[in-house]
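Step one of this worksheet: look at the structure below.
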Amino acid sequence: MAEPLIVLDQVSHVFSTRSGQTRAVDDVSLVLEPGKVLCLVGESGSGKTTTARIAAGLTKPTGGTVRFHGDDIHRLTGDRFTEFRRAVQYIHQDPYASLNPVRDVFSTLATPLRRHRLVRGRDQARQRAVELLSEVDLTPAENFLAKFPHQLSGGQRQRVAVARALTLKPRLIIADEATSMLDVSIRISLLNVLQKLRDDLGVAFLFITHDLALAKYFGWQGSTAVMHQGRVVESGPTPQVINNPSHEYTKALLDAIPVPDPDLARRRAART
Amino acid sequence: MRSKSGFAGFIVFVLLVLLAVIGPLFTPQLVTDVTAVYLPPSGAHWLGTDSEGRDILVQMINGGRPVILVGVLAGAISTLIAIVFGSLGAYLGGWVDSVIVSVTDIVLTVPQIILLAVLASLYTLDSPWLLAVILGAFAWPYLLRSVRAQVFSLKEREYVEAAQLLDLGTPHILFREILPNMASFIMMNFVVTMTNAIYALVGLYFLGLAPIVDDNWGAMLNKAWTRGAIFFSDSLFYVLAPIIAISILQLSLVTMTRSFEEILNPRLRQS
Amino acid sequence: MEPILSVRDLVVEYRTAAGPVRAVRGVSFDLYPHESLALIGESGCGKTTLGLALLRLLPKLGSVPSGEVLYRRRGGEVVDLLKLDREELRRFRWSEAAMVFQGSMNSLNPLLRVRDQMRDTVRAHRRMPADELGRLVKDVLRKVQLDPERVLPAYPHELSGGMKQRVLIAMSLLLDPQILVLDEPTTALDIRTQRAIVDVLHELRAQLGFAMIFVSHDLPLAAELADRVATMYAGRIIELGGVRDLFYRPRHPYTVGLLGAVPPVVGDLPELTSIPGGPPSLLALPPGCPFQPRCGYAEADCEAAEPDLAAVAAGHTAACHHRDRVSYARKPAAGGSAPDERVASGG
């Protein structure tokens, strides 16, 4: 087994609110390996988004440590921190909010490229931007460079967000419900883009979703962890967790999902 | 061009500025003629004459530049202070924000008129820069609070977080990601600050707190008032002319703000 | 059997800055008593607009330039809902047909307790002595599996999303309507809460026998709840039939595409497909069939004329020139194996 990229070691996060304290994440340990997919599944309030944000370094956990190549990410400084920041990227759920509305696509992609000196000059930036857009199947890429977010559909915006995440050549992409706000018929195409990145570039994924069926599709060759009330109640290879769950909660979740098969649905309803 | 009134306001403002800047180059010298005091409008003097027999129209044209200049400067100074410190405080939080908020609150509690009167009695407020700085110094607290509130809300946006994830750096995020989304908000605040500064300036001259060194609109009002021009129908224009000029300027500024949202927001530019 | 609701050539228009836009471009269907009809489509297809138009709940900028919505009253009399005056419409709404809106968890007044809102709803439509009203309210809450003692004195923010949704369903049933229209009844709810709502709706239909129209983008939901399904695209119904017809024998390429894009959680790992491109702008529809730019079956005649709904089998119509060629068979993906143990073992 290769050295893991990110390790969540007994991570906890407690929110203090007026009505007391909530344990959003409770003693969670996860390992994210290079080139592998880990799906994190749970309902709202399960702590999956908080866990994702902790893994991305966006939220500092109140307990436990997050390690990147063995180092605590919240103690990294200077070059080591930059290395972490480049290696771990994040895609938000809402494609209507994750792109800066006053920047066009070229600017959105060129800014990080230039800032981190990955390109020199406007022409190189343009060329690289076209490459990135092709990587996410936004072609012909030249047509998209001058577009503003409001001129793009939700699916296109998500792809630009993915292209932006790719600018720093990350090793791990954390996708937080990246397809929830997209139409059903477009979801799969975005997932296929992500799968292509995994296959071609060896990018690892932490895929957050409430939809077990999507976790099954995207993470079939990887693993799945099910979260409930801040804890990981079950985890293992995806085929096992989905088709042969051991924890009651996982079973309850699987039973609850509507089946796109009328006869099957009626049979199941008759049973209960 | 969706906002016709906004565009109209902009055109009027541009014309006024041109008139104020270029006009004085073409106006004849003002001649003091004691025999021609408070003459009603006529062919020779389109708006009549003032208490010293000087042409009012010429003074109208000459008198715009100092007012507009100080207004723009005051607006610029206060907007700059408000933007820089308001956004830094909101974005960085912590003790930086606390300090900025405390200073702002202190300045807010200072009574403007009284301080102006005190300053006027201690110093001669003749230079436009001095006036601009003083007026600007009173306007920035309100502006800072609005900027701070806006940045507070914008910094939670996902695209800001995306920029943080890409390690783009705080100055870049503040000034290249957040503030451009506030462009029309900033412009509007600048214009509003300007209109307030102009009113305050005219008020200063009117109350005699600022020394009268040239024939600007405020000075005209002061003289018209102190020399009884409002009591005679013949000399009414001495009072009306600056009032109308100031009103047109302010109106053009305010209506101009209607088109800012359209100009500065890419979403609205498309049809 | 006579339909309880007949929609004929309904057109709904919105006034926009770019001119009038037809969100619904000529929809016709029948709803039979006790039946459940699903209107399935993605964003922008006009399904929500259609749902709102049926009960004349369109926003100010919306209008119905043509079409009929014929409703059969309990006595047998048929009226065109579009022609009712305000008073008749008020009496019609809630007691003959009721609607549960999208995002309805936010439809409750945050300042009123549930008991007050439910009372207000009844009183707005009927005069009833207080004790009878109290019994009615408690009764209907129990029907949606809520405990009246817990829910009635509560404010909306004290209830969970699922509970609020059930309160709204209960409120819609207060006056025993013949038709219930629901817009995205399970969206934004957790999976298990969704299941609870689906079960509640099953129960209610069995007990009370109302006809139901529900609007959703969630195809599997139709498999669970619907007797008949209509898929919508670009403002029109492009396929209409029994639930088995649509799921096992779809004849419109868009329906096939939708089915192919839903990953099933049970069973093998299939190969999924997405539909290339995106839905057309209603301001600039493609010539002929609006789906044709994205359609794998498209040919020259598809650009020439927009197809109407035509019969494919008994009670099953599809709006496609090439409906006889359209077929659907889910293919398992390479590498997917896992036998369907769960269903065999009883779940």
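Residue numbering restarts at 1 for every chain, and letters A, B, ... go by the order of the sequence lines. Note that the structure is predicted; figures quoted are calculated from it, not measured.
- When heavy atoms are compared at a cutoff of 4.5 Å, A/Arg164 approaches chain B by way of both its backbone and its side chain.
- Annotation for B/Arg145: atom CZ does not count as buried by contact number, only 12 or fewer foreign heavy atoms lying within 6.0 Å.
- Among all heavy-atom pairs drawn from A/Val102 and B/Pro180, the shortest one is CG2-CB, 3.8 Å.
- For A/Arg114, no part lies near chain B; criterion is any non-hydrogen pair under 4.5 Å.
- Residue A/Asp79 qualifies as open at atom CG: its count of foreign heavy atoms under 6.0 Å is 12 or below.
- Between the CG atom of A/Asn100 and the CD atom of B/Glu158 there is a distance of 12.0 Å, given to the nearest 0.5 Å.
- Around CZ of A/Arg85, the count of heavy atoms belonging to other residues, nucleotides or ligands within 6.0 Å exceeds 12.
- With a threshold of 4.5 angstrom between heavy atoms, A/Thr167 approaches chain B through side-chain atoms but not through N, CA, C or O.
- Atom CZ of B/Phe206 has more than 12 neighbouring heavy atoms from other residues, nucleotides or ligands inside a 6.0 Å radius.
- No more than 12 heavy-atom neighbours from other residues, nucleotides or ligands sit within 6.0 angstrom of NZ on A/Lys36.
- By number of non-hydrogen pairs under 4.5 angstrom with chain B, the leading residue of A/Ser98, A/Pro170, A/Ala161 is A/Ser98.
- Other residues, nucleotides and ligands place more than 12 heavy atoms under 6.0 Å from the CZ atom of A/Phe84.
- A 4.5 Å side-chain heavy-atom check between B/Arg157 and A/His92 finds every atom pair outside the cut-off.
- With contacts defined as side-chain heavy-atom distances shorter than 4.5 Å, the pair A/Tyr90/B/Leu165 qualifies.
- Between A/Arg115 and B/Leu166, the closest side-chain pair of non-hydrogen atoms is not below 4.5 Å.
- Within the 4.5 angstrom heavy-atom criterion, only backbone atoms of A/Leu99 (N, CA, C, O) approach chain B.
- Residue B/Tyr142 places its OH atom among 12 or fewer non-hydrogen atoms of other residues, nucleotides or ligands, all under 6.0 Å distant.
- More than 12 heavy-atom neighbours from other residues, nucleotides or ligands sit within 6.0 angstrom of NZ on A/Lys196.
- Put simply, the side chain of B/Arg176 reaches to within 4.5 Å of the side chain of A/Arg103, judged on heavy atoms.
- Residues B/Tyr159 and A/Pro149 form no side-chain contact, since every pair of their non-hydrogen atoms from C-beta on lies 4.5 Å or further apart.
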